[in-house]
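Read the numbers this way: they start at 1 and go in the same order the structure lists the ligands and their atoms.
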Amino acid sequence: MKKYEKVFREDYERWHRENEAYRERVAADPRRLAFHLMPETGWLNDPNGLCQFHGEYHIYYQYTPFEPTGELKLWGHYSTRDFLTYVRHEPVLFPDQDFDAHGVYSGSALAEGDVLHCFYTGNVKYFDRPDYDYIMTGRGSNTVHVTSRDGENFSEKKVVLTNADYPEDMSGHVRDPKVFKGSDGAYHMVLGARDKESRGLVLFYESADLEHWVYRGRLSTKNPFGYMWECPDVFCLDGQLLLVCCPQGVSRRGLDFWNVHQCTYMKLTADRQTGACSVDEADIRMLDRGFDFYAPQTFLDEQGRRILIGWMGIPDADYGNPTVDAGWQHALTIPRELSFSKGRLIQKPLRELGALRSGCRIYEDLAGLCAESGIVYEAELTFTECLRMEMKLREGVSLRYEGGHGEGGILTLDLGEKGAGRKERPVRLDGLRGLQVFSDTSSLEIFVNGGEEVFTTRVYGQKGGMEVAGACAGRAVVYDLKSFSYAEPDEKTGLGDACRRNGSDGSEKNQKNT
Ligand code: FRU
């Protein structure tokens, strides 16, 4: 596939037919994950359009099936009813128009009655412009609207905002629309942006019909906090209005912001009179402490849960993923349920994942634990006290806790030689009370103190072995974990497939036929 040419569905289908051997090579890689969503081949980044629509969860994602280093982005698509069995669908959106020719970039979904509305950024690179720098000039960032009645077949694409519609002081970087319905019944859109002074911010738009959008204002910090805020998401959680976004260009501060780009959450206050929002900038917090977490998105499911899925990867890092040799790279995190308590965002693995547990071993005496675990497991550790602890998670990988005297302590994840360039990441805690570790063939997600802090990272090495030592006491439960299952579209309900055969819903032009 050529790097800077449009890709039509037919091109993809032909390429897919001709690349069975590529799929087999990827599938045979021992680092393929057991309970995480990955690209079938090639590259994956941000989760997009997360939603539950007529009972079914849809997980779209930034996808470059053709090669593992990520160039031209499509929207890939998984669906599930239970987060255990997934259907891998064909990609739904292709860079096939002048206004999205260089990438169907990130965006979101909003289910309204029988219609799923998706908004994304159509990315265009104007190479032929003499002043092309792809930052201030030469970059088209179009906000595009598509609809679907089955989550699989989409209407004609409609551009609802172009660069000319964004405020004049914006650079070419404006993207990643997240759309939601407010309690006032109006539709709201937030867009991540970089202004001409290279300050990161969020733009707010409002609409009554999802077609016509009016600029309503912006949100930033008084002191610059990075040059670009990617993938914004605004929602109210347990009474607190929050902005989650990914600021780029923030330097390390103490134990914070060690990654090249950040993923943060900010508490917002809305002015009662004007409705304008401001950020509590003294309290910008990291969403994750690991090496590989970026561009998360949240959505409300039909049970009212605020669920988050992130990209288990990060752009521009100076560490890599050896899976590139096998023709694929990156994955999504496990889904997490969010809550807000005592000023902090809490993340807990979605309870559905409990059904992956198989064998279970209980260790009543934590200190001195030495378990013959493999590398695919879940471990729950509950500490009755902990001054100092060293936990071996798998061969060459450890978590160390050094407590102070009554002042909490520092927990450090150390990947040693197993991180493909990743070394250490720390977090300060007010004490170590609990750990929940999800270890997959080439990833780790560690939920600390009931999800007050999380470390998400890729890890390499195929040998397990768990040990705990130190001045600590408590109990551990270790589970083997089963893998996700994958079903064919027809095995699921047959509904999506019937719609496809009939050429979508009739009222909308089927994307496949354009
Ligand atoms: C974040 C991001 C988004 C963009 C997408 C392109 O990882 O850079 O801002 O829409 O990835 O794949």
Arg139/Asp133 salt bridge by N-O under 4.0 Å criterion: no
Does Phe99 offer a backbone N or O that forms a donor-acceptor pair with the side chain of Gln97 under 3.5 Å? no
Quick one: nearest non-hydrogen protein atom to atom 8 (O) of ligand 1, plus distance? Glu230 OE2, 2.8 Å
With under 30° as parallel and over 60° as perpendicular, where do the rings of Phe447 and Phe438 fit, or are they tilted in between? perpendicular
Answer yes or no: is there a donor N or O on one side and an acceptor on the other, between the side chain of Ser220 and the main chain of Gly200, under 3.5 Å? yes
Presence of salt bridge, Arg306 and Asp238, under 4.0 angstrom: no
Pairs touching residues 288-297 that satisfy salt bridge (Lys or Arg N to Asp or Glu O under 4.0 Å), sequence neighbours left out: Asp256-Arg289, Asp288-Arg336, Arg289-Glu453, Asp292-Arg422
Contact check, Asn45 vs ligand 1, heavy-atom distance below 4.0 Å: yes
May I ask which of Asp46, Val104, Leu72 has a heavy atom nearer to atom 5 (C) of ligand 1 than the others do? Asp46
So for ligand 1, is Lys73 a polar contact partner (N or O within less than 3.5 Å, distance only)? yes
Output yes when the distance from some N or O of ligand 1 to some N or O of Asp176 is under 3.5 Å, and no in every other case. yes
Students should be able to answer this: which protein heavy-atom is nearest to atom 12 (O) of ligand 1, and at what distance? Gln62 OE1, 2.7 Å
Proximal ligand 1 atoms for Tyr294, defined as those under 4.0 Å from one of its heavy atoms: 1 (C), 7 (O)
When you measure from the side chain of Tyr22 to the backbone of Gly42, do you find a donor-acceptor pair of N or O atoms at a distance under 3.5 Å? yes
Atom indices of ligand 1 within 4.0 angstrom of Ser106 heavy atoms, with elements: 5 (C), 10 (O)
Against ligand 1, does Trp311 come closer than 4.0 Å with any heavy atom? yes
Below 4.0 angstrom from a heavy atom of Tyr105, which ligand 1 atoms are there? Numbered from 1 as shown, please. 4 (C), 6 (C), 10 (O)
